Amino acid sequence: MSIIVTKQSAHSAEPVIQGVFLQLERALFHLSHCGHGEAVAVELVDDVSRHKNGKATTREQDKNTLDGEKGMFADRSLDLWRTLQIWTNDFRVSGAFCSHYLLVTNTQATGTIADALRAAVGLPDRATAIVSAMNDAAQAGRNSRKPKEPSKIQAIIDDVMALPSHNLHDLASRIEMVEDFDYNGMRQELATRLGISPDVERDAVLTELMGWVVETLKTAWGAGAPGIITKEACLRQIDAVERRMVRRRFLPRPSSEVLVGAAQVVQARGRQFVDHLGRIEVHDDEVLQAIEHFVQFNAERHRLANEGEIPLQEWTDRGNRLKQRWQNVTRQVRLNHSDKSRTQRGKHVFAETTYHHREALAGQPCDELYMTSGHYHRLADDNLVWWDPEFRGD
């Protein structure tokens with residue numbers, strides 16, 4: 001990976017971070033295109049690479065710039081020729097090219113070599129045009145210098161061009177140019193290719209998936225292992241995120257997200273469930289909390305019912321479970337606190353019923369206290385439960 005910095009950003013961490021982002025985004029892009037048994041690596045044999053059966057099938061160099069007007073991979077740019085040198089030197093060692101090579105940038109490339117690379121792979125004479133443009137760039141450097149040691153870039157170019165012509169043509173035929181790569185603009189396409197369900201927030205799944213990619217690579221590198229992610233591991237993570245999101249739809253929002261207005265508090269003070277609290281003389285702060293829980297429960301019950309996530313019968317069944325539990329608490333208090341006053345016994349029933357218990361909802365754990373406490377107050381509002389042991393419902 002290389003990063004082009006502007007004068008304004010020369011002393012900022014942003015260029016480096018953006019360059020890393022490009023690699024991670026490209027890694028997720030390749031994972032979306034991988035088939036069974038394939039994997040994607042970051043900073044292994046190249047910036048990003050695809051692997052199958054332990055061998056690299058695609059190698060990629062990523063070049064990021066914050067200067068939108070700067071053309072990348074110019075005919076005599078160090079980025080272009082250093083990349084080609086890496087690939088040709090690897091061929092000299094292994095004696096084989098991989099299937100595909102990619103030059104990727106977040107902006108436009110410039111120059112005759114880039115023009116030749118833009119031609120569709122497989123077109124007749126494409127490789128010849130690329131090698132010809134490479135030869136022209138090499139010769140331009142030789143013609144412009146006086147008799148002396150070649151410049152650093154010319155030395156790299158000469159090293160690349162020393163590869164036999166038929167090998168250069170073979171390499172050129174495998175190179176593709178990817179310009180103006182825009183991860184945000186293709187998120188929906190990636191979601192489709194990754195098979196993310198349209199029934200969940202696909203953008204949220206992608207965001208969580210990117211976080212998982214970062215954490216997976218970080219953990220691997222921290223253990224001294226290569227940063228490789230398999231397609232199967234990616235699909236398992238997507239499935240886990242989707243299942244977690246589906247479970248969330250069955251669960252109420254955190255209490256901090258269900259706001260209670262002052263007018264709602266005033267209106268609720270005249271309701272029957274508040275009268276039940278008054279009969280056992282609970283403190284006003286407990287009355288206020290009970291009102292908040294009552295309003296929050298009703299709001300979430302209405303939302304979940306409207307969205308069709310919780311069957312209406314579940315609310316009735318849950319109410320019956322809560323009522324049975326209240327009956328048992330009442331009997332236990334009667335046995336254990338028969339010597340206490342009416343209000344003291346009522347406070348015991350109220351506390352043991354509503355302070356800590358969290359009733360499941362549709363078979364899922366429901367940790368928000370207001371969903372149980374508020375449900376009890378709704379039952380009390382209909383005189384189906386109460387706290388005063390001497391009260392008699394209709």
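Small disclaimer: the values here were computed from a predicted structure and weren't measured.
To the nearest 0.5 angstrom, Thr316 atom OG1 is 10.5 Å from Arg321 atom CZ. Here the CZ atom belonging to Arg118 is positioned 12.0 Å from the CD1 atom belonging to Ile113, to the nearest 0.5 angstrom. For the atom pair Glu201 CD and Leu206 CG, the distance stands at 12.0 Å (nearest 0.5 Å). Rounded to the nearest 0.5 Å, atoms CG (Asp239) and CZ (Arg243) are 4.5 Å apart. A distance of 9.5 Å separates CG of Leu322 from OG1 of Thr353, quoted to the nearest 0.5 Å. Note that CE of Met245 is 8.5 Å distant from CD1 of Ile196, once rounded to the nearest 0.5 Å.
Between Thr65 and Met72, the closest side-chain pair of non-hydrogen atoms falls below 4.5 Å. The shortest distance between side-chain heavy atoms of Asp158 and Met161 does not fall below 4.5 Å. Contact annotation: the side chain of Trp81 approaches that of Leu84 to within less than 4.5 Å [non-hydrogen atoms, C-beta and beyond]. Side-chain contact between His33 and Arg193 is present, with heavy atoms from C-beta onward closer than 4.5 Å. Proximity of Thr57 to Glu38: side-chain heavy atoms (C-beta onward) are separated by under 4.5 Å at one or more points. Leu28 is listed as a side-chain neighbour of Leu31, based on a closest heavy-atom distance under 4.5 Å. Looking at heavy atoms from C-beta onward, Phe350 lies out of side-chain contact with Tyr376 at the 4.5 angstrom threshold. Taking 4.5 Å as the limit, every side-chain heavy atom of Arg279 sits out of range of all side-chain heavy atoms of Trp387.
Salt bridge status for Asp47 with Arg59: absent, with no side-chain N to carboxylate O gap under 4.0 Å. Checked for salt-bridge contact, Asp170 and Arg174 meet the test: a charged N lies under 4.0 Å from a carboxylate O. Ion pairing between a basic and an acidic side chain is recognised when a charged N comes within 4.0 Å of a carboxylate O; Asp381 and Arg378 show no such pairing. Salt bridge status for Arg50 with Glu60: absent, with no side-chain N to carboxylate O gap under 4.0 Å. A salt bridge links Arg253 to Glu300: at least one charged side-chain nitrogen sits closer than 4.0 Å to a carboxylate oxygen.
Within a 6.0 Å radius of CG in Leu312, other residues, nucleotides and ligands contribute 12 heavy atoms or fewer. Heavy atoms from other residues, nucleotides or ligands lying under 6.0 Å from CG of Asp339 number more than 12. By the 6.0 Å contact criterion, NZ on Lys55 is open, its count of non-hydrogen atoms from other residues, nucleotides or ligands being 12 or less. Surrounding NE2 of His337 are more than 12 heavy atoms belonging to other residues, nucleotides or ligands, all under 6.0 Å away.
Residues Ile280 and Thr343 approach most closely at O-CB, 4.0 Å, considering heavy atoms. Closest approach of Ala268 and Ile291 over heavy atoms only: CB-CG2, 3.6 Å. Between Cys366 and Met371 the shortest heavy-atom distance is SG-CB, 3.7 Å.
Each of Asp182, Asn64, Asp62 was compared with Asn106 under the side-chain hydrogen bond (donor to acceptor under 3.5 Å, both in side chains) criterion, and only Asn64 meets it. Checked options Lys231, Lys52, Glu232; the residue passing with His36 is Glu232 (criterion: side-chain hydrogen bond (donor to acceptor under 3.5 Å, both in side chains)).
Side-chain atoms of Arg187 never come within 3.5 Å of backbone atoms of Gly185 as a donor-acceptor pair (strictly under, hydrogens ignored). Listed for the Arg345 side chain is no donor-acceptor partner under 3.5 Å among the backbone atoms of Asp388. Checked by atom type and distance alone, the side chain of Thr372 pairs as donor or acceptor with a backbone atom of Glu359 at under 3.5 Å. Although no hydrogens or angles enter the test, the distance criterion places a donor-acceptor pair under 3.5 Å between the side chain of Thr88 and the main chain of Gln85. For Glu43 (side chain) and Val48 (main-chain N/O), no donor-acceptor pair under 3.5 Å exists by modelled atom type. When atom types are taken as modelled, the side chain of Ser373 and the backbone of Leu369 share no donor-acceptor pair closer than 3.5 angstrom.
No side-chain donor from either of Gln327 and Thr330 sits under 3.5 Å from a side-chain acceptor of the other. With no hydrogens or angles considered, no side-chain donor-acceptor pair links Arg236 and Thr230 at under 3.5 Å. In the model, Gln237 has no side-chain atom that pairs as donor or acceptor with a side-chain atom of Glu208 under 3.5 Å.
For residues 280-289, every residue pair satisfying the salt bridge (Lys or Arg N to Asp or Glu O under 4.0 Å) rule, not counting sequence neighbours, is listed here: Arg269-Asp284.
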Go through the steps to decide whether Trp326 and Leu384 satisfy the test side-chain contact (heavy atoms from CB on, under 4.5 Å), and finish with yes or no.
-> CA-CA 10 Å; Trp326 164 77; Leu384 296 175; over 6 Å; no
Which is it for Asp159 and Asn89 under the side-chain contact (heavy atoms from CB on, under 4.5 Å) test, yes or no, and what are the steps along the way?
-> CA-CA 9 Å; Asp159 182 49; Asn89 283 346; 3.5 Å; yes
Take Ser77 and Arg82 through the side chain to side chain donor-acceptor pair (under 3.5 Å) test and state the conclusion after the steps.
-> CA-CA 8 Å; Ser77 69; Arg82 182 67 186 114; over 6 Å; no
Give the intermediate values and the outcome of side-chain contact (heavy atoms from CB on, under 4.5 Å) for residues Val213 and Val40.
-> CA-CA 11 Å; Val213 167; Val40 173; over 6 Å; no
Before giving the answer on side chain to side chain donor-acceptor pair (under 3.5 Å), spell out for Arg331 and Asn328 the whole-Å C-alpha distance, their side-chain angles and the decisive distance to 0.1 Å.
-> CA-CA 5 Å; Arg331 292 173 184 134; Asn328 288 336; 3.1 Å; yes
Go through the steps to decide whether Ile153 and Ile157 satisfy the test side-chain contact (heavy atoms from CB on, under 4.5 Å), and finish with yes or no.
-> CA-CA 6 Å; Ile153 182 62; Ile157 293 173; 3.9 Å; yes
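With sequence neighbours left out, Tyr101 forms a ring-ring contact (aromatic ring centres under 6.0 Å, His included) with Trp87. Partners of His169 under the ring-ring contact (aromatic ring centres under 6.0 Å, His included) rule, at least two apart in sequence or in another chain, do not exist in this structure. In this structure Phe294 satisfies the ring-ring contact (aromatic ring centres under 6.0 Å, His included) test together with Phe273, sequence neighbours excluded.
Aromatic ring orientation, His293 versus Tyr370: tilted (interplanar angle from 30° to 60°). A perpendicular orientation is assigned to the rings of Phe29 and Phe181, their planes being inclined by more than 60° (bins at 30° and 60°).
Annotation: Phe297 is not in aromatic contact with His377 [ring centroid separation under 6.0 Å not met].
In the hydrophobic clustering of ILVMFWY residues, with side-chain heavy atoms under 4.5 Å counting as a link, Met210 and Ile229 come out together. Both Val287 and Tyr355 are assigned to one and the same hydrophobic cluster, defined by single-linkage of ILVMFWY side chains at heavy-atom distances under 4.5 Å.
Under a 4.5 Å side-chain heavy-atom criterion applied to ILVMFWY residues, the cluster that includes Ile228 comprises Leu44, Val45 as well.
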Under 3.5 Å, sequence neighbours excluded: what are the donor-acceptor pairs made by side chains of residues 255-267?
{"from": "Gln264", "atom 1": "OE1", "to": "Gly261", "atom 2": "N", "distance (Å)": "2.7"}

